[in-house]
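For ligands, and for the atoms within them, numbers begin at 1 and follow the listed sequence.
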Amino acid sequence: MAQILDGKALAGKIQEELRDRIQTVQPDIGRPPGLAVLMVGDNPASAAYVRNKERSCERVGIASFGQHLPADSSFETLSGIIQDLNQDDRVDGILVQLPLPGDLDSVALLHQIAPEKDADGLHPVNLGHLVRGEEGLRSCTPAGVMRLLAEYNIDPAGKKAVIVGRSILVGKPVTLMLLEANATVTIAHSRTPDLAAVTREADILIPAVGRPGLITADMVKPGAVVVDVGINRVEKPEGGSRLVGDVDFDNVKDVTSYITPVPGGVGPMTVAMLLHNTVWSYCQRRS
Ligand code: NAD
């Protein structure tokens, strides 16, 4: 029977550590850390994520400078707001909640964020630091995956890791982090033939696709560690809906040594790493 990698509990512990850290350094800096989450339009899932981020900020003592803008906001308006936040000394982290409505260019907007305030760690400068193995802001979801492995003393060194999904948000950065941690890494994706043959090789399997039930028990090596990044909303037979990952949890859990639940695995870790990044920038800006 697998041990659960409890992201919710670890995220709570990280938030407590951050709250203590803020209380220690705040008298020196003379203000709390600040995070600005920009939300455009009314996507209900995004609104829930933003609320959750702001509540978590409040819990640890990070001031929120978020703005909620109408769906028809222009690129120039958003760019102007980001420029103002870049200059605002009360703000240590800025992020644009994705997806953006209409044809707003999210990549071009991301490039407008000052790299030292890039709380999501997705700016090319920060991704470049990751490629080079230099210090910098790390993408939150992949950093959350690595922190979860570390908490349970799962050392990737010498292990075979398989990532399913090659996005710039998850698949590519987590690959680089696992390489840095001395794993042997394979990335599978939508054009990989015989996915099962690849996933069955994994000591550490990280699906990040967005397809419920993609990873079944026969695709997992006995004793593997499975970290499920996928988040999918599925209809329940009795009505309503629930969140599931990419892994057929009920059957896969019996094959693995460790597994993350969805919800309660990588999701809360992503928020914890966002707060961590904001506090890291705050402490960097101390002098
Ligand atoms: P994406 O759509 O950008 O990328 C999906 C990847 O999956 C692509 O690289 C594609 O090649 C691959 N893929 C698609 N179909 C496949 C198949 N049949 N077999 C193998 N690979 C396939 O998605 P993303 O932004 O990387 O997100 C992936 C999932 O992770 C989504 O469910 C998303 O909601 C979730 N997510 C969760 C968190 C979190 O905090 N837990 C954070 C970010 C994303």
Test of understanding: given a 4.0 Å heavy-atom threshold, classify the contact between [X] and ligand 1 as side chain, backbone, both, or neither.
X	answer
V164	side chain
M269	neither
T270	side chain
L169	side chain
I231	both

> Between the side chains of Q83 and Q112, is a donor N or O closer than 3.5 angstrom to an acceptor N or O?
Replying inline: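 A donor-acceptor contact under 3.5 Å links the two side chains.
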When you measure from [atom] to every protein heavy atom, which one gives the shortest distance, and what is it?
atom	result
atom 35 (C) of ligand 1	V229 O, 3.5 Å
atom 15 (N) of ligand 1	V209 CG1, 3.6 Å
atom 3 (O) of ligand 1	S167 CB, 3.4 Å
atom 31 (C) of ligand 1	G210 CA, 3.7 Å
atom 42 (C) of ligand 1	T141 OG1, 3.2 Å
atom 9 (O) of ligand 1	R166 N, 2.8 Å
atom 17 (C) of ligand 1	S190 CA, 4.1 Å
atom 44 (C) of ligand 1	V170 CG2, 4.0 Å

> Is any side-chain N of the basic residue among K117 and D92 closer than 4.0 Å to the acidic one's carboxylate O?
Replying inline: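 No, K117 and D92 are not salt-bridged.
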>> Nearest 0.5 Å, please: how far is CG in L130 from CZ in R132?
In response: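 Rounded to the nearest 0.5 Å, the CZ-CG separation comes out at 12.0 Å.
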> About how many Å separate CG of L137 and CD1 of I113, when rounded to the nearest 0.5 Å?
Replying inline: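 It is 11.0 Å, given to the nearest 0.5 Å.
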> Below 4.5 Å, heavy atoms only, C-beta onward: do D246 and V164 meet side chain to side chain?
Replying inline: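 A side-chain contact is absent here, since even the closest heavy-atom pair is not under 4.5 Å.
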Can you list the atoms of ligand 1 that are under 4.0 Å from a heavy atom of [X]?
X	answer
R211	18 (N)
V266	41 (N)
G165	6 (C), 7 (O), 9 (O), 12 (C)

>> If you scan the protein for heavy atoms around atom 27 (O) of ligand 1, do you find one that is closer than 4.0 Å?
In response: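 False for atom 27 (O) of ligand 1.
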> Can you name the side chain to side chain donor-acceptor pair (under 3.5 Å) partners of T199, sequence neighbours left out?
Replying inline: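 T199: no side chain to side chain donor-acceptor pair (under 3.5 Å) contacts found.
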> When you look at D88 and R90, which way does the salt bridge (Lys or Arg N to Asp or Glu O under 4.0 Å) test go after all the steps?
Replying inline: CA-CA 5 Å; D88 190 332; R90 300 166 305 166; 2.7 Å; yes
> Applying salt bridge (charged side-chain N to carboxylate O under 4.0 Å, His left out), which residue pairs with at least one partner in residues 149-174 are found, sequence neighbours left out?
Replying inline: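 For residues 149-174, and leaving out neighbouring residues, the salt bridge (charged side-chain N to carboxylate O under 4.0 Å, His left out) pairs sorted by first residue read K13-E151, R147-E151, K160-E201.
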Looking only at heavy atoms of [X], does any of them come nearer than 4.0 Å to an atom of ligand 1?
X	value
A208	yes
G267	yes
T192	no

>> Which residue is it: V225, T256, N251? I am looking for the one with a side chain to side chain contact (heavy atoms under 4.5 Å, CB included) to V220.
In response: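 Answer after filtering V225, T256, N251: T256.
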>> Between Y282 and R31, is the side chain to side chain contact (heavy atoms under 4.5 Å, CB included) condition met? List the steps.
In response: CA-CA 10 Å; Y282 172 67; R31 62 171 180 86; 3.8 Å; yes
>> Using only atom types and a distance under 3.5 Å, with no angle test, would you say the side chain of S281 pairs donor to acceptor with the backbone of N277?
In response: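 Yes, because the side chain of S281 sits within donor-acceptor range (under 3.5 Å) of the backbone of N277.
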> Backbone N or O of Y258 within a donor-acceptor pair of the Y152 side chain at under 3.5 Å?
Replying inline: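 Absent.
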> Which one of V174, V244, L195 has a non-hydrogen atom at the shortest distance from atom 19 (N) of ligand 1?
Replying inline: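 When every heavy atom of V174, V244, L195 is considered, L195 comes closest to atom 19 (N) of ligand 1.
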>> Which residue is it: E16, Q15, E54? I am looking for the one with a side chain to side chain donor-acceptor pair (under 3.5 Å) to R59.
In response: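 Single pass found, and it is Q15.
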